[in-house]
Amino acid sequence: MAVTKTITIDGIPVTFRASAAIPRMYRNKFGRDIYRDLAKLQQSVDENDPENSGLDSFSLDVFESLAWLCARHADPKHVPDSPDDWLDQFNTFSIYEILPQIIDLWGMNVEQQVASKKNFPPPTGK
């Protein structure tokens, strides 16, 4: 089951969606592994101060790609076909305000998948 969340970016409400399809869509669109990229991105954000952003271009690219993909997954009819076109509708905004919310959305999606496995009855004896 997918998880959705609406986040306001530059005064515009944007709906994001995370589901089990995101890793595959990310790999097909960008040719990279979302789990590795998210780990590197989280490390970069943790190491940098929001007041003096020192994020490298890879981290920014991962954030922009993931944000666009989750937005497109939520609303494919209204989100442009490319991250560049999607980002063009916003003024500059802080990655430090938006990224934690997207990571939280991804975490809720993963929690739902893990929790559902626990609902299976334990195996019976032979």
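No experiment lies behind these values; they were computed from the predicted model shown.
Listed by chain and residue number, D81 satisfy the salt bridge (charged side-chain N to carboxylate O under 4.0 Å, His left out) test with R72 (two or more places apart in sequence, or in another chain).
Looking only at side-chain heavy atoms (C-beta outward), I34 and I22 come within less than 4.5 Å of each other. The shortest side-chain heavy-atom distance between I9 and V14 falls under the 4.5 Å cut-off. Taking 4.5 Å as the limit, every side-chain heavy atom of D84 sits out of range of all side-chain heavy atoms of D88. Side-chain contact between F93 and L87 is present, with at least one heavy-atom pair separated by less than 4.5 Å. You'll find the side chain of K40 stays beyond 4.5 Å of the side chain of S59, heavy atoms only. Two residues are said to be in side-chain contact when any heavy atoms from C-beta on lie closer than 4.5 Å; M25 and F30 fail this criterion. Looking at heavy atoms from C-beta onward, D37 lies in side-chain contact with F58 at the 4.5 angstrom threshold.
Applying the salt bridge (charged side-chain N to carboxylate O under 4.0 Å, His left out) rule to pairs touching residues 4-26 yields K5-D104, sequence neighbours excluded.
Using modelled atom types, no side-chain atom of Q101 and backbone atom of I98 make a donor-acceptor pair closer than 3.5 Å. Checking side-chain atoms of S82 against main-chain N and O of D85 turns up a donor-acceptor pair under 3.5 Å.
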_Worked check of side-chain hydrogen bond (donor to acceptor under 3.5 Å, both in side chains) between D33 and Y26_ = CA-CA 7 Å; D33 182 286; Y26 188 87; over 6 Å; no
_Quick one, D61 with R32, criterion salt bridge (charged side-chain N to carboxylate O under 4.0 Å, His left out). Give me CA distance, side-chain angles, the key distance, then yes/no._
CA-CA 12 Å; D61 184 55; R32 298 188 313 249; 3.2 Å; yes
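Within the model, atoms CD1 of I102 and CG of L66 stand 6.0 Å from one another, a figure rounded to the nearest 0.5 Å. In this structure, CD1 on I95 lies 5.0 Å from CZ on F63, to the nearest 0.5 angstrom.
Taking each heavy atom of P23 and Y35 in turn, the nearest pair found is CG-OH, 3.5 Å.
Between F90 and W86, the ring planes lie perpendicular to each other; the angle is over 60°, past the 30° to 60° tilted range.
No side-chain donor from either of T15 and T4 sits under 3.5 Å from a side-chain acceptor of the other.
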